[in-house]
Each structure stands twice: as C-alpha cells, then as structure tokens.
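Since we're looking at a predicted model, the values are computed, not measured.
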Amino acid sequence: MTILQRIIDFFSFSTRPVTVLTLATYAAILIASIWIHEGTLHAPKKLSKRLGLDLDVAWNDLQHITAFPHPYNSHQNDVVRSYILERVQAIGKQTGSYFHVADDTVSNGTYASGQVIYFEGNNVLVKIDGSDDDADQQGGILVSSHFDSVSTAPGATDDGMGVATTLSLIDYYARNQPRRNIIFNLNNGEEDWLNGAHAFLEHPWAKLVSVFLNLEGAGNGGRPLLFRTSSTGVTKAFRSVRAPHGTVLSADAFKRRVVRSGTDFEVYDKAGMKGLDLAFYRKRARYHTKYDSVPALEGKGSLWAMMAASLRTTEALDAAKDGSEGGGQPVYFDLFGVSLVVLEQNTMFILNIVALAVGPVIAAALIILVQKRGKLAWSTEGWVRFPLASILAAAATFGLAYLYSKFSTYIVYSSSYSVLASLLITFYLILYAILRALNWYRPPSGGQPAQRAVVFLQTYLFWWSLLVLDTVVLKVLQVGGLYFITFYHAGTLAALAVSLLEMLWVVKVHKVHRVHDGPTNGAEDDGDYEERERHEEAEASEPTERSSLLPKNADRDEWVFEDRRWATPMWGIEFLLAAGFPIILTTQIVLLLLTSTSQTLADGNKPLSVYLMVAIFSCFIILPLAPFIHKIHRIFTLLLVFVLILTVAYNMLAFPFSLSSPLKVYFQQTVNLDANATEPHNLIELVAVKGYLDRYIVPSTPSGQDAVTKGLVTCGSAEEKRAGLWSCKYPGPPPNVAPITVTDTGLEFGSSAVKPDLITYNATRLTASTGKITIKGQNTRACRLYFDDPIKGVHVKGGNDRVQSGYAIPAGGLKE
C-alpha cells in the first residue's frame, strides 16, 4: 500500500477516522466549555496588571461591609453606611474641586408596586465632574449598587462586592477625571422594593444621567453575568471587557418573568435611562443565606472580575459620544468568555429573513445542478430513517426528563452535570442504535454520500422550520434567545451544500445487494465491517450464500466514488460545518441554564420545565452527529451504555441536597401584640419544597417537633407568598422581645407595661372617604399597614406631594 493510499484510508469515511474526529471535536468543546464555565477566577498578583484599581483596599472594604447582616431596618445598617460615607469623604479630601459628596437624607418618594410604598432615603451619592467643557450638557453615567443586605445574610455577593467595586471606581475616577460626569449611587433599601433607586430619582443629580451600570448579586461568587441591557448601544460598551460573560437569554428570562428577582435596573430603565445590569448568579442555593459571606467566596477572584468588568465598561461608556447609547433591543452572547457578539434585534431579524429566503434557493439550485449532471444518487430508500430515529431518541430523552421530575424531582439541584450527561447519552444511544441497525440491515442504494446528503437535507428542513419560529418570536415578542437557531441553520446549509457537491464525483455501478443476516463465522467487528464496505464500493460482487433470495433484495445500481481521493476530506468538512460552531453555542447555553436554574427549584420554579429545557438542548447538541453516527465504533457506544446505567441509577437514588447545595427554607415569625388566651403570641411559618419541609424539616426543629406532637402544625400551598412552594405554620414559644427600659425586665410579653412602648398608633376619620393614621414604633424605621378595603390615595406628612411617574396607584386601589 502506497503512502498516498495510507493517507486516504486514514481520513476515509470509516469507523476509526469518524470515531476519532467526532469524539475529539465533542470532547474539546465540552471540556473547554466546562473548564471556562467552572474555572477558578484568579486576581492578578502584579500591581501593573490591576488597571489602576486597588484590589487590596476593595477587599478590605468588602470585609468591613459584610461583617454582619445589615438590613435596612437595623443598627448595623447605620454602621455600614457610616463606613461608606467616611470612605468617600476621605477620597474627596485628596481630590480637586470636581469631586462632590451628597449625604442624601432628604430625597423621598411615594410609588405603587403591588402595594403603596413611601420611603425616606439615606443614599450616599458621589458626583465627579467630567473634564469636557460641555459635560453638564452631555448625558452623565450612573454607577449604582446597594449597601443593605437581607436579615439572613452578611451580603458578600448581594451586594457587598458591588459596593466594594463602586468604592474602587470612585477612587479610580477621583485620580483619573472622566470626560463625562459620573455619578455613584450607593443606595439603601434595595431589598425592600428597590427603595434606594426610587429615592435617587427624586435627587437633582438623577436628571444628569443618560446611561447607567447597575452592580448586583443573585448568587454566591463566580463570574458576573451581563443580566440584561436596555439597548444595543450600551451593550457594545461591554465588548471592551477582556473576559465578557453574558447572553440575551438571561434578559429574555427577566422579560418573560421566568426570573422572579428584581434589581435597581428596572427603576432606572423605566425612568428612561439606558444601561446594563451586571450581577453574580452562581450557587443560587447560597443566595440570601449565611453562606453569602466573604469566606464562602474562596478568594478575591470574583471581586476582581466585577471590578475589572465595571472599569472597562464605564471607560467605554465615558469614551462614547452622547446619544450613542441608543439603538433597539440587542441580541448578544459571549464566545468562551473571550469576546462578545452584539447585534441589534432588527439586524438579526433581517438576517433571518434573508436566510429563510436564500437558503432553500441555494439547496434547490445545487440539487438541480447535480441532477442535470446525472449524479443525484438518491433513491426512494432511507428517507424515513433519520426522522424516525430522531423522534424516538427525542421521545426517550424527554421521557427520562419526565421521570426525573416525578421520581427524583430535585436531583438537578446538586447533580446537574449527572443529569445532563444521562440526557445527552440517552439521545445518542437511541439515535445510534436505530441508524446503525438500519444501515447494517439495508445500506442505502445511493451510497454513503447520498445517505449523508439525505440526512443533511432533512436536518436543514428541521432548522429552517425552527428559524421561522425564531424569526416570528424575535419580531413579535422581542425575544432574542433563540439566536443559536440561526447558526444551526447556516451550518447545516453549508454542510448540505458540500454533500451535494460531493455527489458530482460519484459513478453508478451494478451490484448485488446483500442482506445482512449476521456474520457466518462469529461476530463481525467494526474493522471487518469497514473492510467489507470498502470491497463492496470498489467492485460489484457475485452472489454468495449471504445474498437475499427475496426479489426486493435483487441486483441493483449503486453509487460509489470514481476516485476516492475526492471523498477523503469531504465528510470531515461537512461534520465541522454542521457541528462545530452550533455545538459551541448550545453547550455554553445549556451550562448557563443549568447553573442559573437548577437551584431555583427552592424558589418555587417548576421542576419539569428545568428538566425539559436541559433535554431539548441535549437533543440539539447530539443532532448534528446524525449523518455520521452509524460509523462510530461500537466499543465507545457500549461504554456509554455503562455510563448511562450509572448516571440514571445515581440520579434516581441519590439525596438531592448537600452541604455545598443546601436546601433553602424561608422563615417568618409573626408576633401578635393583641393575641388573647386562645391565640398564639408567636406564629412560626416555614416555606420550602413540599415533602422535605413537612416530613424532615418541621419535625427536626424543637418548636416544630412539639407542635407536631400536639397536632398544631398546619401545612398547605404557599401560592400567595411563594408560588410553587409549601407552607407549614405552627405556634412557637413566647417571643423573647428585648426590654424597652430596665424597669421592663422580667415582665411577660404582652403585658400592659411592655406593649404600649413597642408601638403607638392613632386612627382618625376626617371625611367619609379620608382618614389620618399616626404610627410611632420603638426601635424601628419601617412599618406596614393592611386595610380591609382598598385605598386609592396616600400622602405622608412632610413627604413628597406626588406619586412617582410610572408608579401610580391603580384605579381599584390597594390594600397594603
């Protein structure tokens, strides 16, 4: 055998080359994607690589801010605010006259958002004047983060790192005066209805802002994600980040209310500003828990990632011309965290329309060309194979996803990769088994080139249909998250074109078709199978004892390559076109979806939707392998059978929660000051997923165990508070309320000596439809009023006379 022949054989469309190339491609994409997605973040050690930012000072700020939980209605919140105010004032003393600090305890507002809210702000604001002569006429830049936490967490991620980053940017721009005005809003009360952002809208500096960057946290560390943006113009600023991480899918999730969290982005965006929402999202199970702490961050990498991304973004916004922040809604996604692709939705819509029109024309023209040359090696055989195999494979994959949602509902919470692996393998095995068996039993008369072309044509029609759906959704609903369909369509069309052109080098030969009833001398391995195919393509053979005696398997014409050298590289090019870039996109998407949604089940999200979403993308990832799958070595397939058995067994039997992925339980304590002898002074309510809450959690708490024994536990749906979760209520022990004065020590809760000091109130009717309510609470700056009948107007004495624009009280009124 000559060297040329050896090279041709090495790259031929046979078992070993196909197995090596396809597995190497999938392994490279999967490993690289997971490595980047899960990779540990490292902060640069050399000061020269820190972009002029002081990471050590920012880390020190973070530790001070998150020493204890500091919700708005707490004394620790005042401690944190004092620290922040002192920090910015100290920076200002070392800066010129272009640095301004506002200790804003005046701005207040009234607004309706499910309830009527009145808030008196105490934000810390900093304004750095731009160096341009017309800086005041240009739209300024707002950088916003909130320094309050929830009562159950120190708030390292939500939003300690955002605040530390903001302080670092203040220090940076104090030393490097920007071209445009930059305003920093270190706001308070975000965790309660985004109050700090609403208060900022009442400050005069809010009128100077045209673009903004909001820094948030909805998880625990990791890489910050570009949650959402207002326009294509501001999104392009994020392209300057050296390691961008973002996809329009997250923006679509907010837009369609799939993500239930809210951020200050909503307030600024509704006020007409254009901006970006940059937030942490990983490890949702630790969100708003004691694990949202500095030690849990495991280093400075996450803080540095937000600092570097924020600096690069604000620099790009500062360098942009005023007005460039406009444009329509964007379609954006990152590639391996190296670059960010940004397109306007209208541009994407036009590209889709062109692809829908031109694609079929190209395919039809090539088919006609090949047919006129007398080379269209298609027959009536084999057209049902791929649709049948893909439908059955998808059904099996969705079936397994359904079984997980019913019998191991929360396993994806802690073992998402095991779930993904089992769904990928399921689709692969069913697709492989059907196509391999049919190809072995009755190879298509058109030969391998025609067989691949048929499958490519069918997959092209599939992606063309989905592209129609994508285009309609993009135009009507302005949802851009289906952008990957455009690239699947383009890749499949290119592969189809190559496979059709490949048929120009085939010739028709007369062959005796062999029915494969099985090898006569033992099992036929993949090497024998390839050798047999090679001889069959080289020459027509005489009938043997294995030839069919049935008329349908009689002699027939088949197509083979006239010169195999032309066929050698073609299949590899087709595979890379159809599978390469589309698989990269879908792999990144499914990893992001797994990370961002798997632990939202504790928030009440429907498990079946999460499993089906992963199943759909599992099918998309394996689907491009269909034209080549029957050539993959069966040893690898048998190995995958073993892996599937292990992963399914683990997913069905393993406990879904762990120390690294704890189950989140919501706790609420209601103290009733007016309770009588038969009513509980202290009512405990726990909210979590059904089954685990009532069977394991409530009986394991001391007060809950006693309530269970006495039959005082009442459980039911928590639909009104947290849809999709379960609620259990029971009376707890008398609350240990701190004494108001020394003389109150030792008095029982609810006694007349204690109760009046906790809260005083007065309600007076003024007219038939108006009234006056006076409330004074001890040791608090928050209260909540409930009304039997809806109220249609509110005014707080000394507060703003108007309701904020866009947040009017509905005509039917509100009861809170």
Pi-cation contact, F13 with R452 (under 6.0 Å, within 45°):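 Checked: cation-pi criterion met.
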Side-chain donor or acceptor of [X] paired with backbone N/O of [Y] under 3.5 Å:
X: Q588; Y: D334; value: yes
X: W464; Y: P360; value: no
X: S661; Y: S658; value: no
X: S416; Y: V412; value: no
X: S33; Y: L30; value: no
X: T19; Y: H633; value: yes
X: T586; Y: I583; value: yes
X: Q599; Y: A285; value: yes

Could you label the plane-to-plane angle of the H489 and Y460 rings as parallel, tilted or perpendicular, counting under 30° as parallel and over 60° as perpendicular? tilted
How are the rings of Y692 and Y410 set relative to one another: parallel (under 30°), tilted (30 to 60°) or perpendicular (over 60°)? perpendicular
Could you tell me whether the side chain of [Y] reaches within less than 4.5 Å of the side chain of [X], counting heavy atoms only?
X: P624; Y: Y488; result: yes
X: L592; Y: L225; result: yes
X: L424; Y: I621; result: yes
X: K375; Y: L500; result: no
X: E574; Y: E502; result: yes
X: F462; Y: L623; result: yes
X: F333; Y: L340; result: no
X: L335; Y: F581; result: yes

What about [X] and [Y], are their ring centers closer than 6.0 Å?
X: H630; Y: Y432; answer: no
X: F657; Y: Y413; answer: yes
X: F617; Y: F484; answer: yes

Should L625 and I632 be marked as a side-chain contact (heavy atoms from CB on, under 4.5 Å) after you check the CA-CA gap, both sets of side-chain angles, and the distance that decides it? CA-CA 10 Å; L625 195 58; I632 295 179; 3.8 Å; yes
Just checking, is any N or O donor in the side chain of [X] or [Y] under 3.5 Å from an acceptor N or O on the other one?
X: Y650; Y: S415; answer: yes
X: N651; Y: S418; answer: yes
X: Y281; Y: S250; answer: no
X: S618; Y: Y428; answer: no
X: D252; Y: Q478; answer: no
X: Y417; Y: E38; answer: yes
X: H37; Y: R282; answer: yes

List the atom of [X], the atom of [Y], and the distance in Å for their closest heavy-atom pair.
X: I29; Y: G580; answer: CD1-O, 3.7 Å
X: S422; Y: Y404; answer: OG-OH, 2.9 Å
X: G572; Y: L21; answer: CA-CD2, 3.8 Å
X: F456; Y: T492; answer: O-CG2, 3.7 Å
X: F487; Y: P582; answer: O-CG, 3.7 Å
X: V614; Y: L420; answer: CG1-CD1, 3.8 Å

What verdict does the side-chain contact (heavy atoms from CB on, under 4.5 Å) test give for Y332 and L343, after you've listed the backbone C-alpha separation in whole Å, the side-chain angles of each residue and the deciding distance to 0.1 Å? CA-CA 6 Å; Y332 63 93; L343 295 170; over 6 Å; no
What pairs of donor and acceptor atoms, side-chain ones from residues 467-477 against any protein atom, are under 3.5 angstrom apart with sequence neighbours left out?
{"from": "D470", "atom 1": "OD2", "to": "N352", "atom 2": "ND2", "distance (Å)": "3.3"}
{"from": "T471", "atom 1": "OG1", "to": "L467", "atom 2": "O", "distance (Å)": "2.7"}

Taking atom [atom1] of [X] and atom [atom2] of [Y], what is their separation to the nearest 0.5 Å?
X: S596; Y: L591; atom1: OG; atom2: CG; result: 10.5 Å
X: L496; Y: I362; atom1: CG; atom2: CD1; result: 10.0 Å
X: M503; Y: L366; atom1: CE; atom2: CG; result: 9.5 Å
X: I629; Y: R436; atom1: CD1; atom2: CZ; result: 10.5 Å
X: L601; Y: T409; atom1: CG; atom2: OG1; result: 8.5 Å
X: F642; Y: T637; atom1: CZ; atom2: OG1; result: 15.5 Å

Taking [atom1] in [X] as the centre, count heavy atoms belonging to other residues, nucleotides or ligands within less than 6.0 Å. Is the count above 12?
X: F336; atom1: CZ; result: yes
X: F655; atom1: CZ; result: yes
X: K690; atom1: NZ; result: no

Passes side-chain contact (heavy atoms from CB on, under 4.5 Å), L435 versus N439? Steps please. CA-CA 6 Å; L435 293 180; N439 187 76; over 6 Å; no
Assess the residue pair F620 and W463 against the criterion (ring pair (Phe, Tyr, Trp, His ring centres under 6.0 Å)); give the C-alpha distance rounded to whole Å, side-chain angles, the decisive distance to 0.1 Å, and a yes or no. CA-CA 10 Å; F620 289 165; W463 289 117; 5.1 Å; yes
Show your reasoning for whether side-chain contact (heavy atoms from CB on, under 4.5 Å) applies to F386 and I391. CA-CA 8 Å; F386 168 71; I391 290 172; over 6 Å; no
